[in-house]
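Everything on this sheet refers to the single structure shown next.
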There are 2 protein chains.
Amino acid sequence: MVSLTPRAERLLKALIEQYIAEGQPVGSRTLVKQAGLEFSPATVRNIMSDLEELGLVRSPHTSAGRVPTERGYRFFVDTLLAVQPLKALDTTHIEDRLLADQDPQQLIESVSGLLSQVTKLTGIVRVPRRTDVGFLQLDFLALSPTRVLVILVTQDGQVLNRVIHPKRPYSASELQQAANIFNDAYAGRSVDEVRRSLIAALRRDSEDMQQILRSAVEMAHQVFSGEEIGDSPLFVSGESNLLAFPELSNTEKLRRLFEAFTAKQDLLHLLDQSMASQGVQIFIGAESGYEALASCSVVTAPYEVDGQIVGTLGVIGPTRMSYDRVISIVDVTARLLSGALSHGVAG
Amino acid sequence: MVSLTPRAERLLKALIEQYIAEGQPVGSRTLVKQAGLEFSPATVRNIMSDLEELGLVRSPHTSAGRVPTERGYRFFVDTLLAVQPLKALDTTHIEDRLLADQDPQQLIESVSGLLSQVTKLTGIVRVPRRTDVGFLQLDFLALSPTRVLVILVTQDGQVLNRVIHPKRPYSASELQQAANIFNDAYAGRSVDEVRRSLIAALRRDSEDMQQILRSAVEMAHQVFSGEEIGDSPLFVSGESNLLAFPELSNTEKLRRLFEAFTAKQDLLHLLDQSMASQGVQIFIGAESGYEALASCSVVTAPYEVDGQIVGTLGVIGPTRMSYDRVISIVDVTARLLSGALSHGVAG
DNA sequence: CCTGGCACTCGGAAAGTGGGAGTGCTAAGA
DNA sequence: TCTTAGCACTCCCACTTTCCGAGTGCCAGG
């Protein structure tokens, strides 16, 4: 939409890079020196004035240099930024960290920590709990006469457990039998299907069922109706990295941000959006639409299992972040995670 | 050790209470007015001078009022503080929150959130994973030809699971048989015992064993040797509450503190100490022995299951915290949690 | 031993100052 | 027409100065 002369583009790029590196408003003289431009500060001033009219930069005050606006960052990211591939060193570092951990669930959880360590920002990962996953097995174990441990296993290896308090005591063999009947009845169906059938079965007249299956259905229902299945938890790591940025150290802003990390609601919505599209997505400042994320940018990328997008990971930092580096890290991490997960499932 | 005249005690108490409430150095005049003392500011000054010599208060500078020292807080907590019982309202609030959640593991986890919400400080809970707990059942489930899900259940209802990659593929019935043999062999022993026997069994010549048991032992070993059992995770909630305190907003201090929350190592050690003794324990400032906790106090209390201490919970806040309130909240929460857990196990 | 009085100290807010970085504008040069 | 040097101007920031008030310590009298 905005079109600039090549020279103006070059200038804007240099300005933003300088500002990202130093965090100080950039003046015409510094810019000429730093970027090795072949025209004079006066010319730079003229061009910067144009850029200011276009809303790509602004001066905090008359005698300060220029600072990128959110629109400026957006233009920079869309048009000027050539994301170069990560150094092999970094890639292997990430790869090593991802391969060290074999259990898919743990793997995904550890990724937020990995992202925060590599970027020195805050890492976030939305963990999928697919509800179309296959049901594998249910177990009833008596812990005490009134407490039964129900263990639900899905075909992708998730294990969910819950302690329930049945109406009457069951013997170990009764529980065993109930589990067997239940497993036979529901083998191979998806978790969603099982949940629906359970609800239907509970509505139906209990006379239709064997007494023992009836009990099994009742107990199983308490696990299948739990929030854990289909719930999408969010892992956030490295919040304290953000304390290092002076532009965020405004206590009120920081407080809001940290509350958003705790509440997670806004972040979840944001990551949902990201899940709808492929590749790296970038939300700069107000673009995210959440007040708490003002003066922050979020870089996200979905990850896949066997070609299907199942979750999102990303990084949160100040708008003044090293976009090229962060983008490539997020991108590579998403790819490597997808690979590790698909690999894991396949063999 | 230190003994004060009743008047000096009264003065110190009033001073500390005032300082806790306002956060500003307390002058002689304010103290007289605020605490309704029947002697003059000059007298108060004399007494404060004595208190300063004893190291219980200090002035930030010549013409400021007095501020409690850590020693002063310690004396206050040990001698002057009469912890009044919590209002019934608060108690029932905590009680409700604790009863809402039935699963012991979740219950314990939610307590840190509860503590942080009620105190507006940071809540911490050390979750026990006792290794002397009884082994209940092991399951082997084939996820794919090369991936076996191992599920370990203890008698207190903990469920641990791990995906392993056995050397050769096993059929479902082989796995079932292996689990049966294993469960028969180790039924009723403690997790620790099982772990030890597994190691011993692996050392012994494999000729002694049935081939199938040998496989079971090898696979089980990978789960029992995992760090999860006997590992003691730590839950921390409400870190961002601490952002509200000006005395901590020094960025460097805050950073250290948040890093301690992430690393958890120091906190774990501290809570271990607390677990060794009964009742509420208070660590004021440097008493904790951890640099990161400077100008913070930690109030902890162990909680029990059936009369035996299994874990610790507590609150971290600035040294200038409302000790009486925090102490009673921590105390009540520990008692109620103990009750809820013991109740749960018993019936 | 308490208390009023008084001199003293010190921090912090308010106001003043100078320097420097940076701008916009203008006019001359390419 | 575009670029550039020059210059006046602006404004922040860091520094100093000033001033006030809160608070202290000490002394002398009750």
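Quick note on labels: first sequence line is chain A, next is B, and so on, each numbered from 1.
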Does [N] have OP1 or OP2 sitting under 4.0 Å from an N or O in the side chain of [X]?
| X | N | answer |
| --- | --- | --- |
| A:Arg7 | D:dC2 | no |
| B:Ser63 | D:dG23 | no |
| A:Arg66 | C:dT23 | yes |
| A:Thr62 | D:dT10 | no |
| A:Ser40 | D:dT3 | no |

### Query
Rounded to the Å, how far apart are A:Leu37 CG and D:dT3 P?
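These atoms are roughly 13 Å apart.
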### Query
Within this structure, what is the NE2-to-C1' distance between B:His61 and C:dG12, rounded to whole angstrom?
9 Å
#### Entry: Pairwise distance CG(B:Asp266) to NZ(B:Lys264) - rounded to 0.5 angstrom
13.0 Å
### Query
Between OG of A:Ser297 and CZ of A:Phe283, what distance do you get to the nearest 0.5 Å?
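A:Ser297 atom OG to A:Phe283 atom CZ measures 10.5 Å (nearest 0.5 Å).
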Side chains of [X] and [Y]: do they bring a donor and an acceptor to under 3.5 Å?
| X | Y | answer |
| --- | --- | --- |
| A:Thr312 | A:Arg126 | no |
| B:Ser28 | B:Arg45 | yes |
| A:Glu53 | A:Ser49 | no |
| B:Ser112 | B:Ser237 | yes |
| A:Ser274 | A:Thr300 | yes |

### Query
Using a heavy-atom distance cut-off of less than 4.0 Å, which residues of residues 44-53 of chain B contact DNA chain C?
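Heavy-atom cutoff 4.0 Å gives B:Arg45, B:Asn46.
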### Message
Under 4.0 Å, heavy atom to any atom of DNA chain C: which of residues 14-34 of chain B qualify?
### Response
none
### Query
Within the structure shown, what part of the strands sits under 4.0 Å from A:Ala64 by heavy-atom distance: base, sugar-phosphate, or nothing?
sugar-phosphate
### Query
For A:Ser322, what residues pass the side-chain hydrogen bond (donor to acceptor under 3.5 Å, both in side chains) criterion, not counting sequence neighbours?
A:Asp324
### Message
Is the positively charged end of B:Arg320 above the ring of B:Phe245, judged by distance under 6.0 angstrom from the centroid and angle within 45° of the axis?
### Response
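Because its charged atom misses either the 6.0 Å distance or the 45° angle limit, B:Arg320 does not stack over B:Phe245.
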